[in-house]
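Data first, discussion second: the structure below is written as structure tokens.
Given the structure is predicted, the values throughout are model-derived calculations rather than measurements. A note on names: the letters A, B, ... follow the listed sequences, proteins ahead of strands, and every chain is numbered from 1.
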Amino acid sequence: MYYTQVSFPMGKILLIKSNKGLSIAKYLKAPNEAGKLLSFLKNSSFTLKENDKLFKPEKELFYEYFNGKQTDFTCVPIDFISGTPFQKKVWLETRKIPYGKTEAYKSIGEKLGQKGFQSIGQALSRNPLIIIVPCHRVLKSDGTLGGFSAGLKLKDYLLRLEQGNVPI
DNA sequence: TACATAAGAATAG
DNA sequence: CTATTCTTATGTA
């Protein structure tokens with residue numbers, strides 16, 4: 001397992017990948033959060049090494065994205081190291097939402113043939129791949145933001161970024 | 001329009 | 001089994 005960090009105007013993102021693909025993309029609210037997460041993973045019998053070169057393609061995509069360009073993350077190989085089958089289904093479906101578009105929690109459920117909309121939000125709250133899986137494009141059915149585990153500030157920022165109204 | 005509340009599916013502990 | 005969650009629909013004023 002390898003890791004690196006990407007900086008952007010709202011903070012930093014910790015990236016972790018296995019030999020198969022990207023496993024975690026976590027927004028760091030506090031500077032010490034990276035260390036906490038890394039030591040937690042080391043205790044879970046993962047061997048972690050820092051390796052910036054390995055993330056070159058991903059980093060370039062992030063830089064493009066935060067530059068306001070329409071970026072497609074669907075070609076990035078991913079490798080879930082956690083999550084139930086249901087959660088993975090939700091994440092994969094969410095990943096198909098195109099740049100700049102939004103969906104309701106309920107309509108995600110309908111696409112999956114799932115009756116529960118509450119569990120969609122619950123699954124998305126455990127999304128390990130922020131931005132790669134664009135959970136910020138999922139809104140409540142009335143178009144308001146709803147919740148966001150990484151902070152509504154960030155959700156608002158990402159949505160406005162895709163709308164072309166970069167807030168600073 | 002705004003606020004309270006019931007229903008609802010899946011998961012973590 | 002109970003509590004929790006990035007919800008939705010309905011009722012009341």
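Along DNA chain B, read 5' to 3', the first and last nucleotides having any atom under 4.0 Å from a heavy atom of chain A are B/dA7 to B/dA12.
Remark: side-chain polar atoms of A/D52 are not paired, donor with acceptor, to backbone N or O of A/T4 under 3.5 angstrom. Judged purely by atom type and a 3.5 angstrom limit, A/Y63 has no side-chain atom pairing as donor or acceptor with the backbone of A/E58.
Counting heavy atoms from C-beta outward, A/L22 and A/F55 have side chains that approach closer than 4.5 Å. Side-chain contact between A/F46 and A/Y3: absent, with no pair of heavy atoms (C-beta onward) separated by less than 4.5 Å.
Side-chain contact of A/Y65 with A/E162: a donor-acceptor pair under 3.5 Å is present, judged by distance alone.
Between A/K140 atom NZ and C/dT7 atom C1' there is a gap of 7 Å when expressed in whole angstrom units. Rounded to whole Å, atom C1' of C/dT5 lies 16 Å from atom CD1 of A/I108. Atom CD in A/Q118 sits roughly 11 Å away from atom C1' in C/dA9 (whole-Å rounding). Distance A/K155 NZ to C/dT7 C1': 11 Å, rounded to the nearest Å. Distance A/F148 CZ to C/dT7 P: 12 Å, rounded to the nearest Å. A straight line from CG of A/L124 to P of C/dT7 spans 10 Å, rounded to a whole angstrom. As a whole-Å value, the separation of A/I97 CD1 from C/dC6 C1' is 12 Å. Put simply, CD1 on A/I130 is 13 Å from P on C/dC6, counting in whole angstrom units.
Classification of A/E33 and A/K36 as a salt-bridged pair fails, no side-chain N sitting under 4.0 Å from a carboxylate O. The pair A/K111-A/E103 counts as a salt bridge, with a side-chain nitrogen and a carboxylate oxygen less than 4.0 angstrom apart.
Helical stems in DNA chain C, defined as runs of 3 or more consecutive Watson-Crick or G-U wobble pairs with donor-acceptor distances under 3.5 Å: B:1-7 with C:7-13, B:9-13 with C:1-5.
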query = Between A/F62 and A/F73, does a ring pair (Phe, Tyr, Trp, His ring centres under 6.0 Å) hold up when you go through it step by step?
reply = CA-CA 9 Å; A/F62 274 108; A/F73 286 98; 5.3 Å; yes

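By the 6.0 Å contact criterion, NZ on A/K59 is enclosed, its count of non-hydrogen atoms from other residues, nucleotides or ligands being greater than 12.
At C/dA9, one or more side-chain N or O atoms of A/S141 fall inside 4.0 Å of OP1 or OP2 (strictly under the cut-off).
Using a 4.0 Å heavy-atom cutoff across all strands shown, A/F117 reaches at least one base atom of the nucleic acid.
DNA chain B is contacted by both A/R126 and A/G116; A/G116 maps to the nucleotide lying nearer its 5′ end (nearest heavy atom per residue).
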